[in-house]
Amino acid sequence: TLCPNWGGFVGMAVPADGTHRPAFGQSVVSLFHNTSSIHSVAVFQNVLSNALLTRAGLAGSITVTNHPMPHTSSQESFMENLTAFIISTYLTWAFSFIPTGIVFYV
């Protein structure tokens with residue numbers, strides 16, 4: 001695979017007519033992806049599709065373009081509020097522990 005930290009796929013052949021030679025279309029493929037990477041599903045689906053084309057003996061390749069949806073205004077507002085909360089928490093901890101440490105020296 002291209003980037004093993006982002007995902008991968010596993011293929012298992014299903015026997016056709018009691019033999020161990022699967023015909024095209026009789027394979028089970030599981031696609032694994034890392035949900036923290038928004039482009040990993042499209043990338044690994046493209047790699048898998050091109051591998052199946054090559055296995056079928058067809059010339060050509062499939063190109064995938066991925067454009068994630070933009071954040072909504074409620075998502076942007078939530079992220080701004082979360083960032084403000086984290087910054088205020090850090091400042092509160094800093095302003096409470098630094099003066100407390102100085103009191104012991106006074």
Apply the test side chain to side chain contact (heavy atoms under 4.5 Å, CB included) to residues Asn46 and Thr63: give CA-CA distance (whole Å), side-chain angles for both, the deciding distance (0.1 Å), then the verdict.
-> CA-CA 7 Å; Asn46 185 28; Thr63 303; 5.8 Å; no
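- When atom types are taken as modelled, the side chain of Ser77 and the backbone of Ser73 share no donor-acceptor pair closer than 3.5 angstrom.
- Considering Thr89, Ile87, Asn81 as possible partners of Phe85, the one that fulfils the side chain to side chain contact (heavy atoms under 4.5 Å, CB included) test is Thr89.
- Closest of all the heavy-atom pairs between His71 and Gln75 is CA-OE1, 3.2 Å.
- Taking all atoms of both residues into account, the shortest heavy-atom contact from Leu53 to Gly60 is CD1-O, 4.3 Å.
- Side chain of Asn50 to backbone of Ile62: a donor-acceptor contact under 3.5 angstrom is found.
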